[in-house]
Amino acid sequence: MPMSRPRRNRVNAGVRGLVRETALGPQHLVLPLFVHEGPGAHPIASMPGHARLDLELLVQKSREALDLGVPAVALFPALADGLKNPRGTESLNASGLLQRAVRALKSALPELVVITDVALDPYSSDGHDGVVIDGRIDNDETVPLLAKMAVAQAAAGADVVAPSDMMDGRVAAIREALDEAGHTDVLICSYCVKYASGFYGPFRDALDSAPRAGDKKTYQMDPANVRECLREVRLDEQEGADWLMVKPGLPYADVIRAVREISELPVAAYHVSGEYAMLKAAAQNGWMDFDRCLLESLLCLRRAGADIIFTYGAIEAARLLKKA
Ligand code: PBG
């Protein structure tokens, strides 16, 4: 007979609950949403259940999330082609789509945490996160534009600005610009460790924001690397980031763990569009149970060390957690 029986700690639901090491709740989740001029909703084929929403539907969806205990949304604008240019100047327009969306949300749902993305790609006719000069993504031409974009978003009422562009030095520039404009309480969620990943495919469909030429490998990280993320973490800490993001999520669980271990800052993980699409596609084929695999994915991200999880499944997960 075995002396030691680990199975005793799994004997029934009560015991399993007592010894469970990781908790997942709706309070850990952020719901990313796509907004367009409208009217109505424009479904996103590769992300079943998600659509580009007009302002009215955006408020409705956000209210649904908030009522289920999901405290935050992250907004991404889908702009008409005519508004895009090489320097993404529409991002600074105080009455532009994103700024109006933030205002609509903060006036209807003041307690909702509104997170805005700071990067050029939805606004750029080149589809890159930075300014393209002679085929290169120019870091230092881009950073001042990002700082202005962050201030425009904060002025509209954003609680958290989230630079997702991976330009060097942008967190410091954004912090300085926000403080100068009086937005000392606006947080920065830095996409600190963002990989050049194929898992962003459905997102680029959602915004029609794929690069027109080339790829993002000169600014996003090489999926082969983990040591390199420690350097990004140190820099973002010095530059004043409030949260550190790792992205994508599950394939990079070891990276989440590495960041968790070297930093005291809250760590966010982004369960990205491709991860969500994989679960949906398998479920549609009857190959996997979406509900179960979604909750398992999110729990694993928490176990890896994420405090906060951005997921397109936030509403579905919150509903399931309420039932459980
Ligand atoms: C772009 C941005 C991307 C995502 C968030 N912000 C895509 C990219 O870098 O090409 C991806 C999100 C997802 O796939 O869910 N600044």
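As the structure lists them, so they are numbered: ligands from 1, and atoms in each ligand from 1.
- Here is the list of ligand 1 atoms found below 4.0 Å of a heavy atom in V272: 13 (C), 14 (O), 15 (O).
- Nearest to atom 8 (C) of ligand 1 among the protein's heavy atoms is K216 NZ, 3.3 Å.
- In this structure, D67 does not pair ionically with R63, as no charged nitrogen and carboxylate oxygen lie closer than 4.0 Å.
- Residue contacts with ligand 1: D165 is excluded, as none of its non-hydrogen atoms falls under 4.0 Å.
- Taking every heavy atom of A119 and a limit of under 4.0 angstrom, the matching atoms of ligand 1 come to 16 (N).
- Considering only non-hydrogen protein atoms, atom 16 (N) of ligand 1 sits nearest to S164 OG, 2.7 Å.
- A cation-pi contact, defined as under 6.0 Å to the ring centre and within 45° of the axis, is absent between K194 and Y270.
- Proximity of D117 to ligand 1, defined as any heavy-atom pair under 4.0 Å, is confined to the side chain (atoms from C-beta onward).
- Not counting sequence neighbours, the partners of L66 by the side chain to side chain contact (heavy atoms under 4.5 Å, CB included) test are L109, E111, L112.
- Both the backbone and the side chain of S273 come within contact range of ligand 1, each with a heavy atom under 4.0 Å.
- Closest heavy-atom approach to atom 3 (C) of ligand 1 within the set F76, Y195, Y312, F203: this belongs to F203.
- Checking only distances, R204 does come within under 3.5 Å of ligand 1, N or O to N or O.
- Each of L53, V102, L58 was checked for a side-chain contact (heavy atoms from CB on, under 4.5 Å) with V35, and the lone residue meeting it is L58.
- Under a 4.0 Å N-O distance rule, the pair R204/D121 does not qualify as a salt bridge.
- In the vicinity of Y270, heavy-atom distances shorter than 4.0 Å reach the ligand 1 atoms 12 (C), 15 (O).
- Across the listed options K194, K247, Q220, M245, K247 owns the non-hydrogen atom lying nearest to atom 11 (C) of ligand 1.
- Here D121 has side-chain heavy atoms under 4.0 Å from ligand 1, and that is the only part of it that gets that close.
- Ion pair K61/E64 flagged as a salt bridge, since at least one NZ, NE, NH1 or NH2 atom sits closer than 4.0 Å to an Asp/Glu carboxylate oxygen.
- One finds a salt bridge joining D307 and R260 here, because a Lys/Arg side-chain nitrogen approaches an Asp/Glu carboxylate oxygen to under 4.0 Å.
- In this structure a side-chain-to-backbone donor-acceptor pair under 3.5 Å is missing from R170 to V143.
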